[in-house]
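Letters A, B, ... mirror the listed sequences (proteins, then strands); counts begin at 1.
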Number of protein chains: 2
Amino acid sequence: MTEAFSASGTKPTIRDVATAAGVSKSLVSLVLQGSANVSESRRRAVLEAMEQLGYRPNRLAQRLSGTRSGTIGVMLNDIRNPWFVELLEGLTASLHAAGISPVLADSYTDNRVGRSSVETLLEQRIDGLVVVGTTSESAAIGKAAQSVPVVLAGTREPHLPGVDIVVNDDDAGARQATEHLLSLGHQRIAHLQGPGEVGKLRRLSFEQTMLDAGLEPSVVTGGVSEESAYAAAGRLLAGIKRPTAIFAYNDIACIGALSAADDLGLSVPKDLSLVGYDNTYLAKIRHLSLTSVDNGNLAVGVEAGKFILERLTAPDLPARLHQVPSQLQVRGSSGDAPS
Amino acid sequence: MTEAFSASGTKPTIRDVATAAGVSKSLVSLVLQGSANVSESRRRAVLEAMEQLGYRPNRLAQRLSGTRSGTIGVMLNDIRNPWFVELLEGLTASLHAAGISPVLADSYTDNRVGRSSVETLLEQRIDGLVVVGTTSESAAIGKAAQSVPVVLAGTREPHLPGVDIVVNDDDAGARQATEHLLSLGHQRIAHLQGPGEVGKLRRLSFEQTMLDAGLEPSVVTGGVSEESAYAAAGRLLAGIKRPTAIFAYNDIACIGALSAADDLGLSVPKDLSLVGYDNTYLAKIRHLSLTSVDNGNLAVGVEAGKFILERLTAPDLPARLHQVPSQLQVRGSSGDAPS
């Protein structure tokens, strides 16, 4: 897929290719259209001339002739939340190995101006779409799946026939987080629930782990953003029997809870333990040092890339669900329950 | 630019357009190719049928016929550093108002797999390129500027004829940061220098402000990333005459310095004052509360959008430099110099 400008700095044309290959312009067009009426030796001569000149082929012609445009659209759910950084690295590496380029759109930014990221990407005549994270664009994703292969990464919705899902093991991750807090002696633990199927799975796992320990799970919404978590945690911590630990839907929400604790003069982890999810670089900032569930995002991205590449040649594969393991990373934000 | 799928859920074809307009398929092709051999009434009938059916036109045909693809490529310098979030919002808003879609590529991720983001975007046959932030892709940007309009946003390089630059006033911003620390009584102030022209301007302004106050400016590199700042600040703070304040190239570098202070048991701002740049959401996290220079990024994005739109119709405009005002935001990371 690497294409270069010609040495003169101007873009080579079909005419340049024809001259270099010693054939007519219309024969070059036939090759571009994938015509069967071209001898193999002439086809090879044309393709070699294109390579040498760095001719940038007409993507639409490729597509009309049944070949691919070489681009996968990647829709990020919220560019402000760095949860997806390693996922994107893994995905880009997978696609790059196959000579495919990812082009990105950000749902948060696009929605702010009333635009759909899926539509933006479809206008690029992408060969496939990878949806990264839970968004409100379910209807648009459903429509997209009628025309291009779609893979979901880091989100489990919308459920669609022929759409693969690559995620971490949210059930295991939430259980690890909860068991960690239980092992530190916490009994009043609250969960800030996040959106969608992923949010539901983490919440259910938290609840089950608490019930298994004979404890009452406390769940509030507030895991959607830093702001919502700040407000929700503020209410929880100002209450009478305040929790001694909060397990947040993700790191951004965990930071919102940390800010709420700061405002109330509560010390973390002495007065309050915090656990996030995603193991972002935010969790690793020493001044924050959040205990967080590593969601194996690099592997999620690599796998999502493999799945979309497979679907380019085999679009009718049945829908697959691939889960990568999760792993708790313990840092300074969690400690023994106050006595 | 809004294009829709037909009601049946399948994409309308040229044949559908021809039937709806009551013309032949080849006449539709002629309209798509911008041929002069079509009567105005028939051209209008075809365009109206396309509109009604939500026909997604062949971008390359549009381009070949002299119309535009409706896409601007936006190259982000490092998706891990949230400095660009508001810039992207402003840019998207500007473009959206003109019916243009931004497609994104991230230089950091692409470079990790040996790919050039500029090339990735050019393969999309973008109408224009907005470069967001300082990167190492100067050569590729120079090549791109030979084929599409280019605008630089939040970076001042590479200097190219016919390439606009939209930035904040780095000179004023660095002076405000330095004067703020001086007004708090700090005398030993160090600067963590960042990359490129922007880094140089902030450093020069810091040095001049210090010299004007009769003080010795201390400058070290280390403003490129969180890791480099952590290492550089660690060395500075472990030295004999350690600074009482650090002005970092950006917020990410400021966080690196904060981590170094944490490691050495230095309290911020009691033992050490810190000032960042970009006024990102990181600076606003209460547990971090970084004093930071607001770089007016929303306005930078809006203006960059206007400039690239102007260049689509007037590609030969002379290069322009537009600076938006900077404004210091004082938060908890800066305080009186230790006595």
Side-chain angles (χ1 to χ4, degrees), chain A residues 1-5 9-11 56 58-61 64 69-71 73 76 79-80 82 84-85 88-89 92-93 95-97 101-106 108-110 112-115 119-125 143 146-147 226 230 255 258-263 268 281-282 285-288, chain B residues 1-5 9-11 56 58-61 64 69-71 73 76 79-80 82 84-85 88-89 91-93 95-97 101-106 109-110 112-115 119-125 143 146-147 226 230 255 258-263 268 281-282 285-288:
Chain A
M1 286 310 302
T2 38
E3 294 162 328
F5 289 86
T10 59
K11 281 198 252 187
R56 196 181 292 278
N58 168 341
R59 283 179 181 284
L60 193 64
L64 290 176
S69 77
T71 305
L76 306 174
I79 209 163
R80 299 170 306 164
F84 64 83
V85 169
L88 185 61
E89 278 183 35
T92 303
L95 297 179
H96 179 65
S101 305
V103 291
L104 318 179
D106 173 47
Y108 169 78
T109 312
D110 283 341
R112 294 262 289 184
V113 297
R115 184 176 273 281
E119 269 299 305
T120 297
L121 290 170
L122 285 180
E123 285 169 8
Q124 292 305 112
R125 296 199 168 262
K143 272 191 179 166
Q146 293 170 15
S147 59
E226 191 186 342
Y230 172 71
I255 284 168
L258 179 62
S259 291
D262 282 350
D263 280 4
V268 172
Y281 78 85
L282 297 173
I285 293 175
R286 283 170 189 71
H287 206 68
L288 299 175
Chain B
M1 282 312 300
T2 38
E3 294 162 328
F5 289 84
T10 60
K11 278 199 252 187
R56 196 181 292 278
N58 170 339
R59 285 178 177 286
L60 191 65
L64 290 175
S69 77
T71 305
L76 306 174
I79 209 165
R80 299 170 307 164
F84 64 82
V85 169
L88 184 61
E89 278 184 34
L91 177 61
T92 303
L95 297 179
H96 180 64
S101 306
V103 290
L104 317 179
D106 174 47
T109 312
D110 283 342
R112 294 261 289 185
V113 296
R115 182 176 275 281
E119 269 297 306
T120 296
L121 290 171
L122 286 178
E123 284 170 9
Q124 293 304 111
R125 295 199 169 264
K143 273 192 179 167
Q146 292 169 15
S147 59
E226 191 186 342
Y230 172 71
I255 285 169
L258 178 62
S259 291
D262 282 350
D263 280 4
V268 173
Y281 79 85
L282 297 173
I285 292 174
R286 284 170 188 72
H287 206 70
L288 299 174

If you tally heavy-atom pairs under 4.5 Å against chain A, which of B:Leu121, B:Leu88, B:Leu76 wins?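 Ranked by heavy-atom pairs under 4.5 Å with chain A, first place is B:Leu88.
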
Kindly compute the distance separating [atom1] ([X]) from [atom2] ([Y]), expressed to the nearest 0.5 Å.
X: B:Thr109; Y: A:His96; atom1: OG1; atom2: NE2; answer: 12.5 Å
X: B:Leu282; Y: A:Leu288; atom1: CG; atom2: CG; answer: 9.0 Å
X: A:Ile79; Y: B:Ile79; atom1: CD1; atom2: CD1; answer: 4.5 Å
X: A:Glu119; Y: B:Ser101; atom1: CD; atom2: OG; answer: 9.0 Å
X: B:Arg80; Y: A:Tyr281; atom1: CZ; atom2: OH; answer: 9.0 Å

Give, as side chain, backbone, both or neither, the part of [X] having an atom under 4.5 angstrom from any heavy atom of chain B.
X: A:Val85; result: side chain
X: A:Ile285; result: both
X: A:Arg112; result: side chain

For the backbone of B:Leu258 and the side chain of A:His287, can you confirm whether one donor and one acceptor N or O come within less than 3.5 Å of each other?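 Absent.
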
Where is the tightest heavy-atom contact between A:Arg286 and B:Asp262, given as atom of each residue plus distance? C-OD2, 4.0 Å

Can a donor-acceptor pair be found between the side chains of B:Glu123 and A:Thr71 at a distance below 3.5 Å? no

